[in-house]
Amino acid sequence: STTKFVWSEANKATKEFRKSKTNEMMEDVAMEKSPRDDNDGGTNIHGAALDDATPAVGNAGDDWQSTSSSSNANNTFVQGQDGNRNNDDDDSSRLVGNETKQVVWSRLLFVAVLVAAAAGCAVGVYHISRNDERNSFEVRFKDFANQIVEVSQMNANDIFGIFERMSLFMTVYTQAHNYEWPNVFIPRIESLGQQAIQATGARTVAVTIIVTDDTKDGFEDFVANNLGWVGDELEYAGSNQTSEIQPKIWSPGPDRTTIYPENQGTYVPSIYMSPITTLHPFINYDAYNLKYFNSVFHEMNRTRRAVLSEIRNLGVNVTSSADWPRSFMAVPIFDTLGSDQKVVGQLTAQMPWHAYFLNLVPDDVNGIYMVVRNTCNQSFTYRIDGPRVDYKGPGDLHDTSFDELEVSATFTAFRSLEECVFSFHLYPSDEFQKTYTTLQPIVNTVVVVAVFILTAIFFIFYDQLVEKRQHKVLTTATKSKAIVNSLFPENVRERLMMEQEEASPHNATTPHGRRLD
């Protein structure tokens with residue numbers, strides 16, 4: 001529309017220019033004819049000729065002066081036009097240069113903002129995704145750790161329940177047969193012992209009874225008269241190997257000698273031990289003077305509850321699961337079921353600690369470390385992999401980088417010695433964490449970066465299209481400006497531009513003089 005307008009104005013101006021030139025030429029012709037008409041009535045031919053010549057000379061001079069002036073004016077006008085054109089070109093060059101710089105800086109700013117936004121979003125998405133995985137890992141570990149604590153306590157309670165029922169059976173059986181403690185005999189007790197070992201994982205099970213100086217002689221006579229039960233139990237266990245059985249209460253002495261204690265006050269001999277095939281030589285063995293047994297025995301009598309000892313074999317060379325840490329447990333046996341019952345014996349067992357930690361978590365949960373500690377300055381470490389447990393060794397062997405995720409609990413299924421209270425401390429490992437570490441944060445980051453790259457590609461493509469369009473518009477505008485500059489002086493150009501702006505829809509006004517925009 002601008003080009004059409006310019007060409008229309010140019011044609012109109014050309015017509016007006018030609019018309020004004022035609023009028024000027026007609027006026028010059030009229031002026032030349034007018035002196036000749038005034039001297040037509042003269043008689044002097046020379047005078048007429050002179051008169052005719054004089055104006056001619058004068059007109060020639062005037063014409064020369066007029067032509068010279070017109071030529072100078074035209075030269076001045078052309079030079080002015082050229083000067084204006086050069087000034088306009090310089091202004092255009094400066095304008096184009098400034099606009100180009102602004103466009104370049106705008107592009108650089110946009111690219112910088114885009115790169116910064118891409119980097120910020122990528123880092124943010126990666127950290128958010130990684131934190132989500134970390135939170136999921138921590139939550140799952142705490143869930144499994146609490147499950148391990150809860151289930152291990154339940155396992156210990158189940159084990160305690162088995163020995164408690166075995167103790168209760170002995171109380172009921174002896175009371176039903178009117179046996180007087182310590183002179184009691186329970187047939188087929190080996191079957192009860194084997195069932196307890198299979199159900200609890202205990203290494204040994206034994207029944208010890210309390211004998212005093214007053215009852216010692218009668219007890220030893222009772223054992224000597226009923227040693228035949230040992231052969232019966234061995235036969236029931238499928239063994240015909242027998243060793244000499246001591247009919248009296250005994251304890252080991254120096255140089256593998258045997259001592260028969262007297263006037264000790266209290267004796268705690270073993271009247272039954274399982275598996276009997278290997279332990280029957282220890283019948284009537286007095287455990288009262290064993291340090292670990294003595295402390296548990298007195299605590300059990302005081303509390304009338306099952307009691308757990310400290311770790312007995314910590315630090316020994318471990319060659320098989322039989323050497324894994326174990327404690328000595330004692331469950332009281334009462335003489336009657338009444339309220340006035342008294343402790344007459346104890347059901348004892350050597351319990352390996354890993355028996356409490358079997359079948360705690362699903363198969364696909366691996367790499368949880370459990371550190372068992374007590375207030376006797378003992379500690380040892382297990383690794384739990386699904387339903388399995390593996391002994392790692394004495395001491396705290398967990399990865400200390402996971403200390404802040406520790407889940408701990410006090411072992412309450414059994415009563416521990418007051419000076420030796422047990423507690424559990426659970427930690428994750430790198431293997432457990434890898435289960436919840438995926439490539440998802442990297443995938444999310446790559447997706448974000450790809451989105452920004454595509455955005456940059458579309459921006460470049462769009463910028464090229466705009467650049468081409470701007471180049472075409474600038475080329476057309478430059479040509480139009482050159483045409484206008486060649487045809488019109490500066491004041492005419494300004495008037496034309498003003499008329500164009502006033503005719504623009506954005507500058508339209510209402511009848512009251514208000515702008516429509």
Mind running side-chain contact (heavy atoms from CB on, under 4.5 Å) on Arg130 and Thr437 for me, showing each step along the way? CA-CA 8 Å; Arg130 185 63 72 194; Thr437 302; 3.4 Å; yes
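- With a 4.5 Å cut-off on side-chain heavy atoms, Asp363 and Asp385 do not count as touching.
- Rounding to the nearest 0.5 Å gives a distance of 8.0 Å between OG1 of Thr435 and CG of Asp364.
- Summarising the geometry, atom NE2 belonging to His280 is positioned 14.0 Å from atom OG belonging to Ser270; distances are rounded to the nearest 0.5 Å.
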Kindly determine whether Met166 and Phe169 satisfy side-chain contact (heavy atoms from CB on, under 4.5 Å), including the steps that lead there. CA-CA 5 Å; Met166 188 174 177; Phe169 169 78; 5.6 Å; no
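- Residues in residues 103-123 take part in these ring pair (Phe, Tyr, Trp, His ring centres under 6.0 Å) pairs, two or more places apart or across chains: Phe110-Phe459.
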Salt bridge (charged side-chain N to carboxylate O under 4.0 Å, His left out), that's the test. Do Arg134 and Asp132 meet it? Break it down for me. CA-CA 5 Å; Arg134 175 76 180 183; Asp132 287 343; over 6 Å; no
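- Between Phe422 and Thr375, the closest side-chain pair of non-hydrogen atoms is not below 4.5 Å.
- Side chains of Ser408 and Leu426 form no contact here, defined as non-hydrogen atoms less than 4.5 Å apart.
- Between the side chain of Thr200 and the backbone N or O of Ala202 there is at least one donor-acceptor pair closer than 3.5 Å.
- No side-chain donor from either of Gln194 and Gln198 sits under 3.5 Å from a side-chain acceptor of the other.
- Listed by chain and number, the residues in a side-chain hydrogen bond (donor to acceptor under 3.5 Å, both in side chains) with Asp286 are Gln264 (sequence neighbours excluded).
- Atom-to-atom distance recorded for Leu279:CG and Tyr272:OH is 9.0 Å, nearest 0.5 angstrom.
- Side-chain atoms of Asn155 come within 3.5 Å of backbone atoms of Tyr356 as a donor-acceptor pair (strictly under, hydrogens ignored).
- Looking only at distances, a side-chain donor or acceptor of Asp335 sits under 3.5 Å from a matching main-chain atom of Lys342.
- Of the possible donor and acceptor atoms, one in the side chain of Ser167 sits under 3.5 Å from a partner among the backbone N and O of Pro332.
- Ring planes of Tyr436 and Phe137: tilted class, angle from 30 to 60°.
- Side-chain atoms of Ser309 and Met329, non-hydrogen and from C-beta on, never get closer than 4.5 Å to each other.
- When every heavy atom of Val448 is checked against every heavy atom of Ala122, the shortest pair comes out as CG1-N, 4.1 Å.
- A pairwise comparison of heavy atoms in Ser274 and Gly193 identifies OG-C, 3.9 Å as the closest pair.
- Atoms CG and OH, on Asn284 and Tyr267 in that order, are 13.0 Å from each other to the nearest 0.5 Å.
- Taking all atoms of both residues into account, the shortest heavy-atom contact from Phe334 to Val344 is C-CG2, 3.8 Å.
- In this structure the side chain of Gln147 reaches within 4.5 angstrom of the side chain of Val361, judged on heavy atoms.
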Hey, mind stepping through Met370 and Phe357 against side-chain contact (heavy atoms from CB on, under 4.5 Å) and telling me if it holds? CA-CA 9 Å; Met370 171 180 278; Phe357 310 136; 3.4 Å; yes
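- Among residues at least two apart or in separate chains, side-chain hydrogen bond (donor to acceptor under 3.5 Å, both in side chains) pairs with a member in residues 449-464 are Arg107-Asp463.
- For the residue pair His425 and Ser423, a side-chain donor N or O sits within less than 3.5 Å of a side-chain acceptor on the partner.
- Relative orientation of the Trp324 and His354 rings is perpendicular, given thresholds of 30° and 60° on the angle between their planes.
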Determine whether Met170 and Ile189 satisfy the following criterion, side-chain contact (heavy atoms from CB on, under 4.5 Å), listing intermediate values before the conclusion. CA-CA 10 Å; Met170 294 179 184; Ile189 194 172; 3.7 Å; yes
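- Here the straight-line distance linking atom CG of Asn294 with atom OG1 of Thr266 works out to 9.5 Å at 0.5 Å rounding.
- When side chains are defined from C-beta on, Pro281 does not count as touching Met273, because their heavy atoms never get closer than 4.5 Å.
- No side-chain N or O of Thr336 forms a donor-acceptor pair with one of Gln341 less than 3.5 Å apart.
- The side-chain contact (heavy atoms from CB on, under 4.5 Å) test with Pro269 is passed by exactly one of Ile209, Val207, Thr208: Ile209.
- At a threshold of 4.5 Å between non-hydrogen side-chain atoms, the residues Ile384 and Ile148 count as touching.
- Listed for the Ser429 side chain is no donor-acceptor partner under 3.5 Å among the backbone atoms of Ile368.
- Contact annotation: the side chain of Cys121 approaches that of Phe452 to within less than 4.5 Å [non-hydrogen atoms, C-beta and beyond].
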Run the salt bridge (charged side-chain N to carboxylate O under 4.0 Å, His left out) test on Arg388 and Asp390 for me, step by step, so that the C-alpha distance in whole Å, both residues' side-chain angles and the decisive distance to 0.1 Å come before the verdict. CA-CA 7 Å; Arg388 302 169 302 280; Asp390 183 36; over 6 Å; no
Let me see the working for Glu299 and Arg302 under salt bridge (charged side-chain N to carboxylate O under 4.0 Å, His left out), right down to the final yes or no. CA-CA 5 Å; Glu299 184 69 16; Arg302 186 181 69 83; 2.7 Å; yes
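- At distances below 3.5 Å, not a single donor-acceptor pair connects side-chain atoms of Glu310 with backbone N or O atoms of Cys420.
- Heavy-atom minimum distance, Met351 versus Ala355: CE-CB, 4.1 Å.
- Of all heavy-atom pairs between Met300 and Val331, the closest is SD-C, 3.9 Å.
- Aromatic ring orientation, Phe144 versus Phe432: perpendicular (interplanar angle above 60°, classes split at 30° and 60°).
- Atom OH of Tyr173 has more than 12 heavy atoms from other residues, nucleotides or ligands within 6.0 Å.
- The backbone N or O of Ile311 lies less than 3.5 Å from a partner atom in the side chain of Gln378, making a donor-acceptor pair.
- Just one of Asn444, Thr445, Thr438 meets the side chain to side chain donor-acceptor pair (under 3.5 Å) condition when paired with Ser129; it is Asn444.
- Aromatic ring centres of Phe424 and Phe411: separated by under 6.0 Å.
- Side-chain atoms of Glu431 never come within 3.5 Å of backbone atoms of Asn366 as a donor-acceptor pair (strictly under, hydrogens ignored).
- Side-chain contact of His398 with Asp403: a donor-acceptor pair under 3.5 Å is present, judged by distance alone.
- Nearest heavy-atom pair, Phe160 versus Ala306, reported as atom, atom and distance to 0.1 Å: CE1-CB, 3.2 Å.
- In terms of modelled atom types and a separation under 3.5 Å, the side chain of Thr381 and the main chain of Leu397 share a donor-acceptor contact.
- Counting only distance, with no hydrogens or angles, the side chain of Arg305 and the backbone of Asn301 share no donor-acceptor pair below 3.5 Å.
- Using modelled atom types and a 3.5 Å distance limit, the side chains of Glu406 and Tyr427 yield a donor-acceptor pair.
- Taking the centre of each ring, Tyr369 and Tyr382 stay at or above the 6.0 Å mark.
- To the nearest 0.5 Å, atom OG of residue Ser327 and atom CH2 of residue Trp353 are 5.5 Å apart.
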